[in-house]
Trainee: 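Structure provided below as structure tokens; questions to follow.
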Amino acid sequence: MIDIQLVRDNPEFVKEKATQKGYEVDIDRLLQLDNDRKELLQTVESLRARRNEISESMKGGKPADELIEEGRLLKVELSEREGYLEATESEWLELLKSVPNMPLDVVPVGSTEDENVVVKTWGDKPQFNFEIKNHAEIAEAKGWLDKDRGAKIAGSRFVYLKGDLVRLEMALWQFGVDVAGSESTLQRLIAENNLNLSSKPFMPVLPPAVAKKEIFEATGRLNKEEQTYKIEDEDLWLNASAEHTIAPMYYKEILDEAELPLRYIGYTTAFRREAGTYGKDTEGFLRLHQFNKLEMESFTDAQTSLDEHLLMVAIQEHLMQQLGLPYQVLEKCTADIGRPNAKGVDIEVWLPGQDRYRETHTADYISDFQTRSMQTKVRKNDGTLELAHTNDATAFSQRPLIGIIENFQTAEGDVIIPDVLRPYMGGREKI
RNA sequence: GGAAGGGUGUCCGAGUGGUUUAAGGAAACGGUCUUGAAAACCGUCGUGCCGGCAACGGUACCGAGGGUUCGAAUCCCUCCCCUUCCGCCA
């Protein structure tokens with residue numbers, strides 16, 4: 001959530017930025033509640049002060065009847081006022097939580113994803129001298145993809161992936177972990193992009209794939225419950241990204257500045273209900289209820305978080321370049337960056353089979369929006385305390401596999417394996 | 001799943017109704033001493049919220065949430081988690 005102080009100090013700014021992101025929040029009502037809350041709080045606290053005073057005066061002595069009687073009356077009044085305060089505060093908090101993070105000035109203002117801005121394209125779209133196929137056709141012909149049986153067992157948008165495609169996927173995870181774990185690679189990317197950052201490598205992590213509701217609420221990621229699967233009879237929800245269970249790792253903890261940045265590259269299976277996408281992207285495995293993803297997550301201080309975000313984008317580009325996949329980079333507009341984001345970048349791979357770019361990566365600049373509700377703080381070297389910042393970004397999902405299949409297909413219906421993945425594939429050149 | 005014991009500040013740990021504004025120790029930070037360091041000694045040392053320019057004052061927080069009481073870390077209830085033993089099992 002955002003800082004209530006920002007709303008108090010600059011309500012017009014908050015209104016404007018929220019509107020840019022397409023959120024309707026009643027800021028005036030929030031400020032009204034904020035005032036009500038303050039007044040009630042002061043009343044309650046002075047009643048409590050009197051209660052403590054009475055209690056204090058009885059220490060060690062014989063309780064005086066008048067004071068006990070006053071305490072009794074006080075208790076009744078206090079309980080009534082506390083009721084009002086609690087009601088006001090919970091409405092206040094709910095409204096405050098509904099305020100989106102403020103987009104940075106560099107974020108293009110737009111009302112639909114069509115207004116995202118292409119800031120870079122990389123690589124040449126491949127030319128084919130044969131009739132090309134899309135990834136679904138190739139995968140099905142190769143026996144890599146079985147949607148019918150997936151549907152029989154778990155329903156639509158669940159699939160069996162099989163054979164060499166699975167080997168290729170696993171190669172992708174290993175490659176991603178190796179790149180993000182390479183200090184020299186990070187060093188080079190940091191230098192090339194003029195970033196002022198540590199080259200500490202990303203530590204691989206296998207986090208839980210489920211979390212309690214309290215945790216999802218703190219990360220601001222359960223804003224769309226209709227997208228999240230719940231486990232029946234348990235207070236547990238399936239994560240929709242490793243980010244959902246890595247970001248809250250330091251829930252209610254204080255980090256030392258000296259140990260920052262904390263960088264993780266985590267792998268989990270992700271689950272998404274994909275409500276509202278019926279009939280969209282039903283071919284192949286572009287959009288599934290269950291997919292695998294390797295995700296970067298960093299905890300930094302406020303001073304380095306924006307550079308950290310840019311580093312993550314640089315890593316993403318590096319990964320795509322190493323695979324040789326043509327892509328474009330989008331600076332997402334205010335409507336598309338998402339509620340917790342202050343900035344967001346997407347990378348889209350060129351898909352010859354669809355004759356268009358499709359999203360493979362997202363990088364989220366969250367600033368202190370998550371950590372304020374997660375209470376993850378940093379003890380600075382000078383002893384002061386501030387909120388930590390979080391960043392997250394895709395390293396690889398399964399979608400780059402689609403890019404590989406479509407861009408590197410041959411007339412024979414095979415797929416050429418990118419050079420960098422061959423060491424993980426027993427040296428094979430194609431599948 | 002069954003039984004027992006526990007969850008206290010950055011860490012360890014005392015505390016079973018009002019002498020606790022959470023003892024004591026460690027770590028950390030500042031200082032004295034020292035050629036320097038260590039040791040010793042002195043001092044500082046939780047977080048949120050509200051008020052205040054500030055100094056500071058008030059309030060809440062001892063796993064979470066309720067309850068009893070004039071008053072709860074302490075008593076009661078529910079839940080969560082951890083440890084040990086048993087059972088089961090990748």
Side-chain angles (χ1 to χ4, degrees), chain A residues 1-9 30-97 99 206-218 230-237 245 248-260 262 268-269 299 301-302 368-388:
Chain A
M1 61 186 175
I2 70 162
D3 190 351
I4 183 64
Q5 201 58 45
L6 181 66
V7 185
R8 289 173 187 154
D9 294 344
L30 178 57
L31 287 170
Q32 180 60 50
L33 286 165
D34 190 48
N35 275 325
D36 293 351
R37 172 180 168 276
K38 273 192 210 172
E39 276 175 30
L40 283 163
L41 190 63
Q42 278 162 26
T43 307
V44 163
E45 290 197 346
S46 63
L47 289 172
R48 283 174 181 163
R50 177 57 188 154
R51 180 191 64 191
N52 291 345
E53 206 175 282
I54 292 171
S55 174
E56 182 81 8
S57 73
M58 291 191 192
K59 271 184 196 168
K62 329 89 194 125
D65 289 345
E66 316 87 71
L67 286 180
I68 289 183
E69 185 52 27
E70 189 188 345
R72 261 195 205 108
L73 294 172
L74 208 54
K75 184 156 75 165
V76 174
E77 192 182 354
L78 190 53
S79 137
E80 189 192 7
R81 301 293 178 144
E82 280 174 338
Y84 297 147
L85 177 61
E86 195 180 331
T88 305
E89 195 157 52
S90 93
E91 192 185 344
W92 172 81
L93 189 61
E94 195 185 339
L95 200 52
L96 179 59
K97 282 185 167 178
V99 181
L206 293 174
V210 298
K212 302 169 198 171
K213 185 170 188 180
E214 177 190 348
I215 300 299
F216 275 104
E217 283 176 341
K230 184 182 191 314
I231 295 177
E232 196 176 359
D233 297 331
E234 301 277 347
D235 176 32
L236 288 175
W237 300 69
T245 44
M249 210 162 148
Y250 299 103
Y251 185 51
K252 295 185 178 173
E253 290 190 42
I254 297 172
L255 307 168
D256 272 331
E257 183 181 358
E259 62 186 329
L260 300 181
L262 284 165
T268 64
T269 298
F299 302 84
D301 60 16
D368 60 8
F369 192 82
Q370 283 182 327
T371 50
R372 183 167 293 105
S373 42
M374 294 194 302
Q375 297 168 62
T376 300
K377 297 172 191 171
V378 180
R379 173 86 58 196
K380 303 289 282 183
N381 291 335
D382 64 9
T384 57
L385 211 55
E386 62 175 41
L387 288 169

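Each chain gets a letter, A, B and so on, in the order its sequence line appears, and its residues count up from 1. Below, all heavy atoms of this structure are taken into account, side chains as well, without hydrogens, waters or symmetry copies.
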Trainee: I need the CD-P distance between Glu214(A) and G63(B), as an integer number of Å.
Mentor: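 Those two atoms, CD and P, are 15 Å apart.
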Trainee: Return the value, rounded to whole Å, for the distance between atom CG of Leu85(A) and atom P of U59(B).
Mentor: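 After rounding, the reported distance stands at 15 Å.
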Trainee: Are there more than 12 heavy atoms of other residues, nucleotides or ligands under 6.0 Å from atom OH of Tyr84(A)?
Mentor: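 For Tyr84(A), atom OH is not crowded (no more than 12 foreign heavy atoms under 6.0 Å).
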Trainee: Return the 5'-most residue of the pair Leu41(A), Glu53(A) with respect to RNA chain B, ranking by each residue's nearest nucleotide.
Mentor: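 Its nearest nucleotide being more 5', the pick is Leu41(A).
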Trainee: Checking base pairs now: Watson-Crick or wobble, both atom distances under 3.5 Å. What partners G87(B)?
Mentor: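 For G87(B), the partner nucleotide comes out as none, under the 3.5 Å rule.
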Trainee: How far, in whole Å, is C76(B) from U69(B) if one measures between their P atoms?
Mentor: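 Going atom to atom, P in each nucleotide, I get 16 Å.
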Trainee: Once you apply a heavy-atom cut-off of 4.0 Å, does Lys75(A) come out as touching a base, just sugar-phosphate, or nothing?
Mentor: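 Lys75(A): base contact, heavy atoms under 4.0 Å.
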Trainee: What distance, rounded to whole Å, do you find between the two P atoms, one in G67(B) and one in A54(B)?
Mentor: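 Rounded to whole Å, the distance is 36 Å.
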Trainee: Measure the distance from OH on Tyr251(A) to P on A64(B) and round it to the nearest whole Å.
Mentor: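 Taking OH of Tyr251(A) and P of A64(B), I get 11 Å after rounding.
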Trainee: Return no unless some side-chain N or O of Asn52(A) is found under 4.0 Å from OP1 or OP2 of G58(B).
Mentor: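 Asn52(A) to G58(B) OP1/OP2: no side-chain N or O under 4.0 Å.
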Trainee: Specify the separation, in whole Å, of atom CE of Met374(A) and atom C1' of G48(B).
Mentor: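 Computing the Met374(A):CE to G48(B):C1' distance gives 17 Å.
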Trainee: What's the closest nucleotide to the Ala49(A) side chain, out of U47(B), C50(B), G58(B)?
Mentor: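 In terms of side-chain proximity for Ala49(A), the closest of U47(B), C50(B), G58(B) is G58(B).
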Trainee: How far, in whole Å, is G6(B) from U59(B) if one measures between their C1' atoms?
Mentor: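 U59(B) and G6(B) have their C1' atoms separated by 31 Å.
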Trainee: Tabulate protein N/O versus nucleotide N/O from nucleotides 51-56 of chain B, keeping only pairs under 3.5 Å, one per line.
Mentor:
| unit_1 | atom_1 | unit_2 | atom_2 | d |
| --- | --- | --- | --- | --- |
| G51(B) | OP1 | Lys38(A) | NZ | 3.1 |

Trainee: Tell me which nucleotide, if any, is Watson-Crick or G-U wobble paired with G18(B) when both distances must be under 3.5 Å.
Mentor: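 Across all strands, the one nucleotide that pairs with G18(B) is C70(B).
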Trainee: Provide the distance between the two P atoms, one in C75(B) and one in G7(B), to the nearest whole Å.
Mentor: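 One P to the other, the span is 11 Å.
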Trainee: I'd like to check the salt bridge (Lys or Arg N to Asp or Glu O under 4.0 Å) partners of Lys230(A); sequence neighbours left out, ordered by chain and number.
Mentor: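 Testing Lys230(A) for salt bridge (Lys or Arg N to Asp or Glu O under 4.0 Å), a comparison that skips the adjacent residues, returns none.
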Trainee: Holding to side chain to side chain contact (heavy atoms under 4.5 Å, CB included), I want the full list of residues that pass it with Glu86(A), two or more places apart in sequence or in another chain.
Mentor: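 Listed in chain order: nothing, the list is empty.
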Trainee: Give, for atom CD of Gln42(A) and atom CZ of Arg37(A), the distance between the pair rounded to the nearest 0.5 Å.
Mentor: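 Result: 10.5 Å between the selected atoms.
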Trainee: Can you sort out the partners of Glu91(A) under side-chain hydrogen bond (donor to acceptor under 3.5 Å, both in side chains), two or more places apart, ordered by chain and number?
Mentor: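 Expected list: Arg29(A).
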Trainee: When rounded to the nearest Å, what value does the distance between C1' atoms of C81(B) and U8(B) take?
Mentor: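 Here C81(B) and U8(B) have their C1' atoms 15 Å from each other.
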Trainee: Does the side chain of Val210(A) come within less than 4.5 Å of Ile231(A)'s, by heavy atoms?
Mentor: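 Side-chain contact under 4.5 Å: yes.
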Trainee: Can you tell me how far P in G63(B) sits from the matching atom in U16(B), rounded to whole Å?
Mentor: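 The answer is 15 Å between these two P atoms.
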Trainee: In chain order, what residues pass the side chain to side chain contact (heavy atoms under 4.5 Å, CB included) check against Asn35(A), with sequence neighbours excluded?
Mentor: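 If we apply the side chain to side chain contact (heavy atoms under 4.5 Å, CB included) test to Asn35(A), skipping adjacent residues, there are no hits.
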Trainee: Rounding to an integer number of angstrom, what distance separates A22(B) and C29(B) when you compare their P atoms?
Mentor: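 Taking atom P in both A22(B) and C29(B), they lie 26 Å apart.
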Trainee: Sequence neighbours excluded, which residues qualify as side chain to side chain contact (heavy atoms under 4.5 Å, CB included) partners of Ser46(A)?
Mentor: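 Residues passing side chain to side chain contact (heavy atoms under 4.5 Å, CB included) with Ser46(A): none at all.
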Trainee: What does C61(B) pair with, Watson-Crick or G-U, if both distances are under 3.5 Å?
Mentor: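 C61(B) is paired with G46(B).
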Trainee: Could you work out the separation of U20(B) and G15(B) based on their P atoms and round it to a whole Å?
Mentor: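 To the nearest whole Å, 15 Å.
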Trainee: Do any N or O atoms of the protein come closer than 3.5 Å to N or O atoms of nucleotides 72-74 of chain B, and which pairs are they?
Mentor:
none

Trainee: Report the distance from atom CD of Glu253(A) to atom P of G9(B), rounded to the nearest whole Å.
Mentor: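 Computing the Glu253(A):CD to G9(B):P distance gives 13 Å.
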Trainee: Of the options C80(B), A60(B), C49(B), whose atoms approach the side-chain atoms of Lys212(A) most closely?
Mentor: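 For the Lys212(A) side chain, the nearest candidate turns out to be C80(B).
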Trainee: In chain order, what residues pass the side chain to side chain contact (heavy atoms under 4.5 Å, CB included) check against Glu82(A), with sequence neighbours excluded?
Mentor: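 If we apply the side chain to side chain contact (heavy atoms under 4.5 Å, CB included) test to Glu82(A), skipping adjacent residues, the hits are Val44(A), Arg48(A), Leu78(A).
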Trainee: With a 4.5 Å heavy-atom cut-off, do Lys212(A) and Leu236(A) have their side chains touching?
Mentor: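 Yes. Closest side-chain heavy atoms under 4.5 Å.
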Trainee: Return the value, rounded to whole Å, for the distance between atom CD1 of Ile254(A) and atom P of G46(B).
Mentor: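 Rounded to the whole Å, the gap is 11 Å.
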Trainee: Just call it for Leu74(A): base, sugar-phosphate, or nothing, with non-hydrogen atoms closer than 4.0 Å on any strand.
Mentor: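 Since no nucleic acid heavy atom lies under 4.0 Å of Leu74(A), the category is nothing.
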Trainee: Nearest whole angstrom, please: distance from the P of G48(B) to the CD of Gln375(A).
Mentor: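 Gln375(A) atom CD is separated from G48(B) atom P by 9 Å.
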Trainee: Report the residues that fulfil salt bridge (Lys or Arg N to Asp or Glu O under 4.0 Å) with Glu77(A), sequence neighbours left out, ordered by chain and then residue number.
Mentor: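 Residues passing salt bridge (Lys or Arg N to Asp or Glu O under 4.0 Å) with Glu77(A): Arg81(A).
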Trainee: For Lys97(A), is there an ion pair with Glu94(A) - N to carboxylate O distance below 4.0 angstrom?
Mentor: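 Here Glu94(A) does not pair with Lys97(A) in a salt bridge, since their nearest N and O are not under 4.0 Å apart.
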Trainee: Would you mind telling me which of G46(B), C50(B), U69(B) lies closest to the side-chain atoms of Arg37(A)?
Mentor: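 Nearest nucleotide to the side chain: C50(B).
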Trainee: Both Lys252(A) and Lys377(A) contact RNA chain B. Which one's nearest nucleotide lies toward the 5' end?
Mentor: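 The residue whose closest nucleotide sits nearer the 5' end is Lys377(A).
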Trainee: Starting from P on A60(B), measure out to CZ on Arg50(A) and report it in whole angstrom.
Mentor: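 So the CZ-P distance, Arg50(A) to A60(B), works out to 15 Å.
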Trainee: Under a 3.5 Å cut-off for both contacts, is A26(B) paired Watson-Crick or G-U wobble with anything, and if yes, with which nucleotide?
Mentor: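 U10(B) is the nucleotide pairing with A26(B).
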